[in-house]
Structure formats: C-alpha cells, structure tokens
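Comments concern the structure below.
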Protein chains: 2
Amino acid sequence: MKHFHGTAKQERALDAYVKLLRAADTVDSFLMSRLESLGLSPSQFGVLEALYHIGPLCLGELARKLLKTSGNLTMVVGNLERRGLATRTRQAADRRFYLVSISEKGRKLIAQVFPQHVERIVGAMSALTPAEQESLAALARKLGTTVAARNPK
Amino acid sequence: MKHFHGTAKQERALDAYVKLLRAADTVDSFLMSRLESLGLSPSQFGVLEALYHIGPLCLGELARKLLKTSGNLTMVVGNLERRGLATRTRQAADRRFYLVSISEKGRKLIAQVFPQHVERIVGAMSALTPAEQESLAALARKLGTTVAARNPK
DNA sequence: CAGCGGTGGTTCAATATTAAACCATTCGGC
DNA sequence: GCCGAATGGTTTAATATTGAACCACCGCTG
C-alpha cells in the first residue's frame, strides 16, 4: 500500500527513511515502556545512563550527547535533581559551567535497572541475526555521521 | 569511546540499537528543521501528510499509523483545525467516530511543501548508495515489524 | 428496552521539547 | 581595567506526548 509515486530514486530514499524511523520508534517505545513503569522518563533515563557510564558532564555536553537543546536539559536535570537522582554544581574555574553528576541514589537505580535494559535490547535486536545487526549498525552509523557532518549544529 | 562492557552479543545489540536511534534522530531533526520554519510542527506535518496521501481517516486510525496515542492526536488535530488546515466531522453511521479530513488550505500547503521535503530526504539518504539504502530499508523493516508483532499494541 | 461491556475520543496532570529572548560569566583587545 | 563578543544556562511560550481517568455511543443479551 503505497500512496506516493515518484522516481525510483525518490521512492528508494523515502522508503529507507520511513522504515528507519518506524523501526527506531517501535524499538524505542518498546524499551521505554518498561523504564517508565519504574518511574523514569525516557529523557531522565538517558541523562542518568550517560552520567553513570561516562561520569559527570556539564549541561552543554549532555545536550550534545543526547541530541537535545540546552533548554531541555535544564528541565530534565532539574527534575532529576528534585528527585535526588542527580546534582548540579557550579564550576569554580569557570562559573558559567554547571557540572551535573549522578547521585548515589541514582547510581543504585541505574545499576539495578541497566542489566535488564540491556537484555531487553538484546531481545529486541534478536529479530536480526548477528551479521544483520552489524550490517544495520554500519549503515546507520554511516548515514547518521554523514548527515550530521553536513549540517553542523 | 565505549563506556559499557558486556558480552559480544550484548555489545553488538547495543551498538546496533544506539546507531539506529541516532541515525533516525539526526535525519529526522534535519528534515523537521525546514518544516518548522514554515510554521508546521513535525506532528502536524505527519498528520497532514497522511491525510493528503491516504485520504480522510478517523482519529484512531491516525494514531495507529503515526504510532501515537489517541490523546495526542486529539491535541494535534485540534491545532490543525484551529489553523484551518483540517476538519473533524462526526460520522453519522457510528457517532463514536470522528472523520478527520485535510482542508483545501491544508492540501495547498502540503502540495507546495512536499516536493521539497522529498528532495531533502533524497539528499539526506544520498549519504548511502542506492544498494545501501535498500539494504537499510530491508533491515529496518525486518526489525520494526518483528518487534511490533511481538508486542501487540 | 434496560443494562452492560466494549470501543472511540476527550480530558487531565505531568513531563518533554524547541526556538527565541534573556542573564551571567569569561576573555580578548584596547 | 573596561567594553564588546562569545559562550553556557535559564526562562518563556507554544506544542507535543503519554497514561489514566473519564464520557459518549454502539451492540448484545436477557
């Protein structure tokens, strides 16, 4: 059931684009549904997970890593702070920077939740063979980095 | 720079998952940035484009096609209606259904914007060769449909 | 035809998200 | 040392997004 007709080139590009977005959306909402039942929003989990695995980061670094705006991060980190899962401390060296760190409570939460999360990712991706997973990763990586490079933030 | 260490199976799945999401996010925000400069939010464009190419749909069908909740669609369609780009009419046969249709104004807008949108998709996807685009589409399709089938809405 | 369960939409409260305007701080040139 | 540009964060206004509670309508069964 197709509703747009263009050149072969256009249909190929559109088809790949639509399939890519739908797959990402489907897999992500499957994974996030579990996290939300633990009281963590997708964004909150994303920030905590980054802090947990990478270490303290300032707001701007978080925004760039997560592909979100700084204004957005202000809100999400604010919510994490209010819930005692992260802290924000002003840098003495350059007082414009706020270093965001995961709290002990946040660390415990991620330590508890992350293993199951990984297993759910493994489960979802098992729809593809290992070779297919690697192929998908390579193609997605090439596409993502090329488009990102062409459009400097 | 990797910050998580697990089994080969876990790292492969995680890597594919992360690359997939980032590619989708990068491409999508590249495309949406142009649409927003025309005053159309991504969701509004999604709904209008569906109505334009498929024809009138009821709220629930729209929600399923766009992978959103019905509550969300109530809001987005409300905004489209307020701007005169779509209409909502109650079905006489079964008065629970509201049929959503694109207006003439909306049709003109999409007719004007869609060709450029497709060309931008072609431009973005040209990061991959035609064969790679087809390969990506096939892998994404397999992943998306399998995960969706395993998790009936 | 009364009641009831199921389906379609809406409402509500909370969080997210962005762009744009704005504030705070640093740093370079003078 | 002061000013202006640049950088990092916050705020604001608007839209989006979800799950849960709720309302409206249908069809069925007694």
Side-chain angles (χ1 to χ4, degrees), chain A residues 25-26 28-48 56-83 85-100 151-153, chain B residues 25-26 28-48 56-83 85-100 151-153:
Chain A
D25 204 329
T26 300
D28 206 41
S29 57
F30 162 66
L31 291 171
M32 290 310 141
S33 63
R34 185 73 97 204
L35 292 177
E36 303 217 31
S37 71
L38 296 171
L40 266 185
S41 78
S43 310
Q44 290 174 1
F45 176 76
V47 170
L48 275 192
L57 294 168
C58 70
L59 259 181
E61 289 170 320
L62 270 174
R64 282 186 291 278
K65 294 220 178 269
L66 303 174
L67 307 179
K68 297 286 152 64
T69 64
S70 64
N72 181 17
L73 268 288
T74 294
M75 152 112 335
V76 174
V77 170
N79 285 335
L80 286 173
E81 203 168 25
R82 182 160 47 73
R83 300 177 48 182
L85 298 170
T87 60
R88 194 169 2 196
T89 59
R90 203 167 183 137
Q91 291 291 78
D94 186 334
R95 290 170 48 72
R96 287 172 300 184
F97 289 75
Y98 282 84
L99 197 65
V100 183
N151 302 88
K153 73 154 173 54
Chain B
D25 204 328
T26 300
D28 206 41
S29 56
F30 162 66
L31 291 171
M32 291 309 142
S33 62
R34 184 73 95 205
L35 291 178
E36 304 219 29
S37 71
L38 297 171
L40 266 186
S41 78
S43 309
Q44 290 173 3
F45 176 76
V47 170
L48 276 192
L57 294 168
C58 71
L59 260 181
E61 288 171 321
L62 271 173
R64 281 187 291 278
K65 293 218 178 271
L66 303 174
L67 308 179
K68 298 287 152 62
T69 63
S70 63
N72 182 14
L73 267 289
T74 293
M75 153 112 329
V76 174
V77 170
N79 285 335
L80 286 174
E81 203 168 25
R82 182 161 48 72
R83 300 175 50 182
L85 298 171
T87 59
R88 196 171 357 198
T89 58
R90 203 165 184 140
Q91 291 290 77
D94 186 334
R95 288 170 50 73
R96 286 171 300 182
F97 288 76
Y98 281 84
L99 196 64
V100 184
N151 302 89
K153 75 160 173 53

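A quick note: this is a predicted structure, and the numbers were derived from the prediction, not measured. The sequence lines fix the lettering, A, B, ..., with proteins before strands; numbering per chain opens at 1.
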*For the atom pair CG (N151(A)) and OG1 (T26(B)), what is the distance rounded to the nearest 0.5 Å?*
9.5 Å
_Rounded to the nearest 0.5 Å, what separates atom CG in L80(A) from atom CE in M75(A)?_
11.0 Å
*In residues 38-48 of chain B, which residues come under 4.0 Å of DNA chain D by heavy atom?*
S41(B), S43(B), Q44(B)
_Could you tell me the boundaries of the chain A footprint on DNA chain D, defined by atoms under 4.0 Å from its heavy atoms?_
dA6(D) to dT11(D)
*Rounded to the nearest Å, what distance is computed from the NZ atom of residue K68(A) to the P atom of nucleotide dT17(C)?*
4 Å
*Interatomic distance, R95(A) CZ vs dC23(C) P [rounded to whole Å]*: 18 Å
_Spatial distance of atom CG (L62(B)) from atom CG (L67(B)) [nearest 0.5 Å]_ = 12.0 Å
*Hey, could you give me each pair passing side chain to side chain donor-acceptor pair (under 3.5 Å) that has a residue in residues 69-82 of chain B? Not counting sequence neighbours.*
N79(B)-R82(B), E81(B)-R88(B)
*Take T69(A) and N72(B), find for each the nucleotide of DNA chain C with the closest heavy atom, and name the residue whose nucleotide sits nearer the 5' end.*
N72(B)
Using a cut-off of under 3.5 Å, enumerate the N/O to N/O pairs linking the protein to nucleotides 7-9 of chain C.
| residue | atom | partner | partner atom | Å |
| --- | --- | --- | --- | --- |
| dT7(C) | O2 | R96(B) | NH1 | 3.3 |
| dG9(C) | OP1 | L59(B) | N | 3.3 |
| dG9(C) | OP1 | Y98(B) | N | 3.4 |
| dG9(C) | OP2 | G60(B) | N | 2.8 |

*asked:* Expressed as a whole number of angstroms, how long is the span from L80(A):CG to dT15(C):P?
replied: 11 Å
Listed pairs under 3.5 Å, donor-acceptor, residues 30-43 of chain B side chains, sequence neighbours left out:
| residue | atom | partner | partner atom | Å |
| --- | --- | --- | --- | --- |
| S33(B) | OG | F30(B) | O | 2.7 |
| S37(B) | OG | R34(B) | O | 2.5 |
| S41(B) | OG | Q44(B) | N | 3.1 |

*For R83(A), answer base if it contacts any base atom (sugar-phosphate contacts may also be present), sugar-phosphate if it contacts only those atoms, and nothing otherwise; contact means non-hydrogen atoms under 4.0 Å.*
nothing
*Quick one: list whatever passes side chain to side chain donor-acceptor pair (under 3.5 Å) with D28(B), sequence neighbours left out.*
Y17(A)
_Using the rule side chain to side chain contact (heavy atoms under 4.5 Å, CB included), only one of T87(B), T89(B), L57(B), L59(B) pairs with L99(B); which is it?_
T89(B)
*Please say which of R96(B), Q91(B), R90(B) ends up in a side chain to side chain donor-acceptor pair (under 3.5 Å) with D94(B).*
R96(B)
_Rounded distance (Å) that lies between atom P of dA24(C) and atom CZ of R90(A)_ = 9 Å
_For the student: nearest non-hydrogen atoms of L48(B) and A86(B), plus distance_ = CD2-CB, 4.5 Å
